[in-house]
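Note that the coordinates shown come from a computational prediction; the quantities given were computed from them, not determined experimentally. What you see below is based on every heavy atom in this structure, not just the backbone, and it leaves out hydrogens, waters and symmetry mates.
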Amino acid sequence: MERLGVLLVASCQENQENQESPELRRRRRWARLFDQLDLNKDGRIDLRELRVGLAKLGVSRSSVDKVVLAGDTNQDGELDFEEFSLYLHAHEERLRLLFSNLDRNHDGEIDAAEIQHSLRSIGLDVSLQEAERILNSMDRDGTMTIDWAEWRDHFLFNPLHNMEDVARHWRHTMVHGSFPGTSSVGNSFQSMVREGGLGSLWRGNGINVLKMAPETAIKFTVYEQIKGLLGGSDASGHLELQERFIAGSLAGAIAQTAIYPLEVLKTRLTLRATGQFSGVADCVSQTLRREGVWAFYRGYVPNLLAIAPAAGIDLAVYESLKNSWISRNSAPGGPPPGPPGVLVLVGCGALSSTCGQLASYPLALVKTRMQAQAAEGGGPRPSMTALFHGILAQEGVAGLYRGLSPNLLKVIPAVSISYVVYEYMRKVPGQNSCFLLCRRGIENGFL
């Protein structure tokens, strides 16, 4: 009887909710959401609470700030429930209009073909496969269509006003590779060639050469200087592992700080669409005009957090492996062996660079995505924390290592060659880092 009573009560509550008007059900939904975001339960949501709550959903800090700016009618820096409801009501009406415009056959659902058509209508040419990837990022029930509830919930705290804003949001996501699913290296090559011809495979390579040359010269020069400071007058590399790690980390951090604006330019030129920039100068001009000088330091914090341990691990492991080979090939009581050959140095460099990349790749991925933000007309600019949450929520831990394989295919030979040049140039009297700079630039032009 008790169980029957519970079922009857639940049935009555369900019937009561079904009999409620759509507006009342909507306000109940807003009230539940408001309660979740009101962390201290004081009946108001301040900027900190909204940032904390929405960061878990992958919403960028700039989007959160815009929500408060639009909804805070009395300008007190907080949202009460009425302000919160008024904002959501107005925003959902805009989202409903956008949804209706996309739903060309008026069946209450959006499919991949309708997404493709809407993007092409505003000049953004995407394939049906790319439209399906966009759809998958919002399709929660696996039907390969998007209904109103999925559309609304996906964009509820994203300050979009028109189809151009939606297109910018999708293009931003496509560039950053944050869709679920996989894409092989071969498919990526085909997509690049189809979009921009064979020349697209070398986009940004000129600025990459200009960046890598001074970066590598500075890194090795600073590394040798710090080794000398840590080891007194003995700068031959006979240091403890942790001392090599410290020297390498500081060298990597200093080198990256010196050339970081070039790093941002390289990323944007590499990821640009065909015809977006006419050259390096045009990229600099557009970036300064739209985003200001600080755009050239976007992603600097995650980059520094990634490059310092990566460089430290790379250099420390390399010299440890090299010294281990020398020690194993030294005859007891005999003269020291000759310097390691090219193949040994290449092997040591390959192993060390792999270790460094594996340790730092998630932060390097976030750094690249932050650098690539085009920020066109108010497009979303996720923070480092929001990007991490977004990747984990949509793709899991594996998403933090997306693109690792082609990155290793590029980095391992490049770093290995740089170590060979580094070792041989250390033995040439009168040669300095300028030669390393030029040689490294030539290497990276081909790798």
Kindly give the heavy-atom pair with the smallest separation between [X] and [Y], and that separation in Å.
{"X": "A359", "Y": "I313", "value": "CB-CD1, 3.5 Å"}
{"X": "L345", "Y": "V420", "value": "CB-CG2, 3.9 Å"}
{"X": "I226", "Y": "L250", "value": "CD1-CB, 3.5 Å"}
{"X": "I218", "Y": "A255", "value": "CG2-CA, 3.8 Å"}
{"X": "A112", "Y": "L135", "value": "N-CD1, 3.4 Å"}
{"X": "G252", "Y": "A311", "value": "CA-CB, 3.8 Å"}

For [Y], does its backbone N or O pair with a side-chain atom of [X] as donor and acceptor, under 3.5 Å?
{"X": "D46", "Y": "E78", "value": "no"}
{"X": "E49", "Y": "N40", "value": "yes"}
{"X": "S285", "Y": "A281", "value": "no"}
{"X": "S118", "Y": "I115", "value": "yes"}
{"X": "S249", "Y": "A308", "value": "yes"}
{"X": "S418", "Y": "V415", "value": "yes"}
{"X": "E83", "Y": "N74", "value": "yes"}

Compare all side-chain heavy atoms of [X] with those of [Y] and state whether any distance is below 4.5 angstrom.
{"X": "P261", "Y": "Y297", "value": "yes"}
{"X": "R244", "Y": "N323", "value": "yes"}
{"X": "D35", "Y": "K41", "value": "yes"}
{"X": "Y401", "Y": "P362", "value": "yes"}
{"X": "V344", "Y": "C348", "value": "yes"}
{"X": "Y422", "Y": "I417", "value": "no"}
{"X": "L33", "Y": "F84", "value": "yes"}
{"X": "V166", "Y": "N158", "value": "no"}

Applying side chain to side chain contact (heavy atoms under 4.5 Å, CB included), run through R44 and D38 and close with a yes or a no.
CA-CA 6 Å; R44 308 180 71 82; D38 183 15; 5.7 Å; no
Residues which pass side chain to side chain contact (heavy atoms under 4.5 Å, CB included) with [X], listed by chain and number, not counting sequence neighbours:
{"X": "A149", "result": "R140, D147, R152"}
{"X": "L288", "result": "V284, V293, F296"}
{"X": "L210", "result": "I207"}

Can you find a side-chain donor-acceptor pair between E263 and N303 that sits under 3.5 Å?
no
Taking atom types as modelled and ignoring hydrogens, do the side chains of E132 and N136 form a donor-acceptor contact shorter than 3.5 angstrom?
no
Looking at [atom1] of [X] and [atom2] of [Y], how far apart are the two atoms once the value is rounded to the nearest 0.5 Å?
{"X": "F155", "Y": "H91", "atom1": "CZ", "atom2": "NE2", "value": "9.0 Å"}
{"X": "I307", "Y": "L363", "atom1": "CD1", "atom2": "CG", "value": "11.0 Å"}
{"X": "D153", "Y": "R29", "atom1": "CG", "atom2": "CZ", "value": "6.5 Å"}
{"X": "L50", "Y": "L79", "atom1": "CG", "atom2": "CG", "value": "6.5 Å"}
{"X": "Q75", "Y": "T73", "atom1": "CD", "atom2": "OG1", "value": "7.5 Å"}
{"X": "W151", "Y": "L156", "atom1": "CH2", "atom2": "CG", "value": "13.0 Å"}

Given D282 and Q286, is the side chain to side chain contact (heavy atoms under 4.5 Å, CB included) satisfied, shown in steps?
CA-CA 6 Å; D282 185 44; Q286 289 193 37; 3.0 Å; yes
Go through D141 and E150 one step at a time and tell me if the side chain to side chain contact (heavy atoms under 4.5 Å, CB included) criterion holds.
CA-CA 9 Å; D141 55 12; E150 290 171 322; 3.1 Å; yes
Would the number of heavy atoms belonging to other residues, nucleotides or ligands and lying under 6.0 Å from CZ of R289 be above 12?
yes
Can you classify the ring geometry of Y260 versus Y300 as parallel (below 30°), tilted (30 to 60°) or perpendicular (above 60°)?
perpendicular
How far apart are the C-alpha atoms of E92 and W30, what are their side-chain angles, what is the distance that settles it, and do they pass the side chain to side chain contact (heavy atoms under 4.5 Å, CB included) test?
CA-CA 11 Å; E92 285 190 12; W30 293 343; 3.0 Å; yes
Are the charged groups of [X] and [Y] less than 4.0 angstrom apart, N to O?
{"X": "K227", "Y": "E319", "result": "yes"}
{"X": "K322", "Y": "E423", "result": "yes"}
{"X": "K219", "Y": "E224", "result": "no"}

Please name all residues satisfying ring pair (Phe, Tyr, Trp, His ring centres under 6.0 Å) with F81, sequence neighbours left out, ordered by chain then number.
F34
Considering residues at least two apart in sequence or located in another chain, which fulfil the side-chain hydrogen bond (donor to acceptor under 3.5 Å, both in side chains) criterion with T287?
none
For residues 345-354, pull every pair meeting side-chain hydrogen bond (donor to acceptor under 3.5 Å, both in side chains), keeping only residues two or more places apart or in separate chains.
D314-S352
